[in-house]
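A, B, ... follow the sequence lines: proteins, then strands. Residue 1 opens every chain.
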Amino acid sequence: MSIKVYYFASLKEHVGSSEHELDFTQSLKVKDVWFQANAELVLPKNTLAAINMDYVDWDSLVSDGDVVAFFPPVTGG
Amino acid sequence: MSIKVYYFASLKEHVGSSEHELDFTQSLKVKDVWFQANAELVLPKNTLAAINMDYVDWDSLVSDGDVVAFFPPVTGG
Amino acid sequence: MAIKITDQPFDPYQELQLYQNTQLDHLGAIGATSIFIGTMRDFNQGSQVTGMSIEHYPGMTEKQLELCVEKAQGLWSILDSLIVHRVGTITPNEVIVLIAVWSSHRGDAFDATRYIMEALKSTVPFWKKECIDTDAQRWVVSNTSGYQ
Amino acid sequence: MAIKITDQPFDPYQELQLYQNTQLDHLGAIGATSIFIGTMRDFNQGSQVTGMSIEHYPGMTEKQLELCVEKAQGLWSILDSLIVHRVGTITPNEVIVLIAVWSSHRGDAFDATRYIMEALKSTVPFWKKECIDTDAQRWVVSNTSGYQ
């Protein structure tokens, strides 16, 4: 199974990439996605997570084909 | 001494005139202005009064040359 | 700051463009513009309304509008403002009132616009007379509060 | 109801005219239009700001904006709405966001416009990066509340 992982704004700069592809074989939570994709990187405080463009909490499970996104607090408007 | 008295909107129709000239010789309150100018007319409830374009209460004294206005609650906007 | 009473139909967006292009100060400081436009509906209190006439008290109307703006300036941080109000004969869908407030911050702009609108409705000498579908005319007897 | 993300400068009044002339429904029922325009200032948090770029998450941005409008529709009586938001490179005095709400009554229009603006600021994936006068760039780290 595999998912796409997107990063935006300051988090994209922090990770040094705008996206990752991640393969996994067993049940995976959003917080595990971060640590599997970015093993050596601190997860910045206040980071937000979305699955398929909906906000989710860190214990949400991802499914095959999902798009997971990580980004800092939003500052539009 | 004399003042001008103006009436607006439904009060103008009630009075049947848009203005009166009123002469007086002794101290006069706004409420007296109404009764002197319109002796036989009921003063409609909620009528507002102004002297020289400022809202006043019914016990305010008028002076020579003042413009007194009577009108119903405002309904602009 | 500008206040305008007009007996001619006006396009509120054109008024705003014009004001902003020729009169507005503090350009770089403006972060928020809050605008309210009141339009004549074709119904009110259960009746079809076919037209309306608005009477005002020339002089006192302007004076009281200025007072509304001054009070808002005392309560919030306002950079500029524009008020335009129709008088005379009006047909449905035409604009009755335009209020715009420019500020650095949105909270001030929102609060001041709403305050000026409520103050206008309760203190500025305008009176509406509606033509209803039965060919009758009736004075609007009171304004309702916009803060529920 | 319309939602638009654009990387081009826009005149909010022209957008409103266009929308109102070609897309707006419920004409005779509209009594109140509340509009908010957010503009880029030339200062923020004590620094001169010379420019800004806004990043967004295409797809999620639109989805979350629709959610803001749906929530407002659940809370107030709204006849129509328009949201336009800039992305990309922006210079001071340019419009960042336009929100318009059309309603029968002014209370609904005021409340809904403000609600949508606050919801946008706290939930819709846009991120601002400012160019400050020292030639440095900095991400804006958080939005403040507009309800004081």
Side-chain angles (χ1 to χ4, degrees), chain A residues 1-22 28-38 41-77, chain D residues 3 5-6 36-41 44-45 49 52-68 70 83-88 90 95-99 113-130 137-146:
Chain A
M1 296 186 286
S2 84
I3 54 169
K4 282 217 162 183
V5 189
Y6 289 153
Y7 309 95
F8 291 94
S10 57
L11 214 67
K12 180 167 65 185
E13 296 176 356
H14 179 63
V15 170
S17 172
S18 66
E19 67 179 277
H20 284 142
E21 192 98 28
L22 191 70
L28 200 67
K29 291 178 174 177
V30 168
K31 63 182 168 198
D32 304 322
V33 172
W34 174 270
F35 292 110
Q36 293 206 13
N38 305 286
L41 273 181
V42 174
L43 173 64
K45 246 176 95 169
N46 301 325
T47 295
L48 301 171
I51 297 180
N52 302 333
M53 303 183 176
D54 288 317
Y55 284 99
V56 293
D57 64 43
W58 294 87
D59 289 321
S60 301
L61 289 170
V62 297
S63 308
D64 186 37
D66 276 355
V67 175
V68 176
F70 296 108
F71 47 79
V74 302
T75 54
Chain D
I3 286 170
I5 311 292
T6 176
F36 179 79
I37 299 167
T39 312
M40 195 191 150
R41 289 175 306 186
N44 194 27
Q45 297 173 334
V49 181
M52 182 190 270
S53 67
I54 301 182
E55 186 177 330
H56 76 304
Y57 180 177
M60 180 160 176
T61 302
E62 290 83 349
K63 190 175 188 176
Q64 294 298 321
L65 282 172
E66 278 162 28
L67 212 57
C68 294
E70 275 168 33
I83 303 177
V84 185
H85 200 292
R86 271 293 290 284
V87 293
I90 301 186
V95 173
I96 298 170
V97 61
L98 163 67
I99 297 173
T113 304
R114 192 161 188 172
Y115 172 88
I116 291 171
M117 183 60 190
E118 297 307 319
L120 184 158
K121 284 233 168 210
S122 61
T123 67
V124 181
F126 291 108
W127 301 275
K128 285 178 186 153
K129 191 175 202 172
E130 295 174 335
Q137 294 192 325
R138 65 176 181 197
W139 288 99
V140 177
V141 293
S142 69
N143 269 337
T144 50
S145 166

(message) Quick check on D:Thr61 against chain A: is it the side chain, the backbone, both or neither that has a heavy atom closer than 4.5 Å?
(response) neither
(message) Any side-chain to backbone donor/acceptor pair from D:Lys128 onto A:Gly77? Under 3.5 Å, distance only.
(response) yes
(request) Check A:Met53 against D:Gln64 and note the closest heavy-atom contact, atom names and distance. (result) O-NE2, 3.0 Å
(message) Within this structure, what is the CD-OG1 distance for the pair D:Glu55 and A:Thr75, rounded to the nearest 0.5 Å?
(response) 9.5 Å
(request) Taking all non-hydrogen atoms of both residues into account, name the closest pair between A:Val74 and D:Thr123 and its distance. (result) CG2-N, 3.7 Å
(request) Sort D:Ile96 into side chain, backbone, both or neither according to what part of it lies under 4.5 angstrom from a heavy atom of chain A. (result) side chain
(message) Can you tell me how far apart CD (A:Glu13) and NZ (D:Lys129) are? Round to the nearest 0.5 Å.
(response) 3.5 Å
(request) Calculate, to the nearest 0.5 Å, the distance between atoms CG and CE belonging to A:Asn52 and D:Met60 respectively. (result) 10.5 Å
(request) With a 4.5 angstrom heavy-atom cut-off, could you sort out which part of D:Val87 is near chain A: side chain, backbone, both or neither? (result) neither
(request) Counting only heavy atoms closer than 4.5 Å, note whether A:Tyr55 contacts chain D via side chain, backbone, both or neither. (result) both
(request) Heavy atoms only, distances under 4.5 angstrom: which of D:Leu120, D:Asn143, D:Val124, D:Val97 has the most pairs with chain A? Name it, please. (result) D:Asn143
(request) Using non-hydrogen atoms and a 4.5 Å limit, figure out which bit of D:Val140 sits close to chain A: side chain, backbone, both or neither. (result) both
(message) Any heavy-atom pair between the side chains of A:Pro72 and D:Trp127 that's under 4.5 Å?
(response) yes
(message) In the structure I gave you, are the side-chain heavy atoms of D:Trp139 and A:Pro73 within less than 4.5 Å of one another anywhere?
(response) no
(request) Provide the closest heavy-atom pair for A:Ala69 versus D:Tyr57 in the form atom of the first, atom of the second, distance. (result) CB-CE1, 3.4 Å
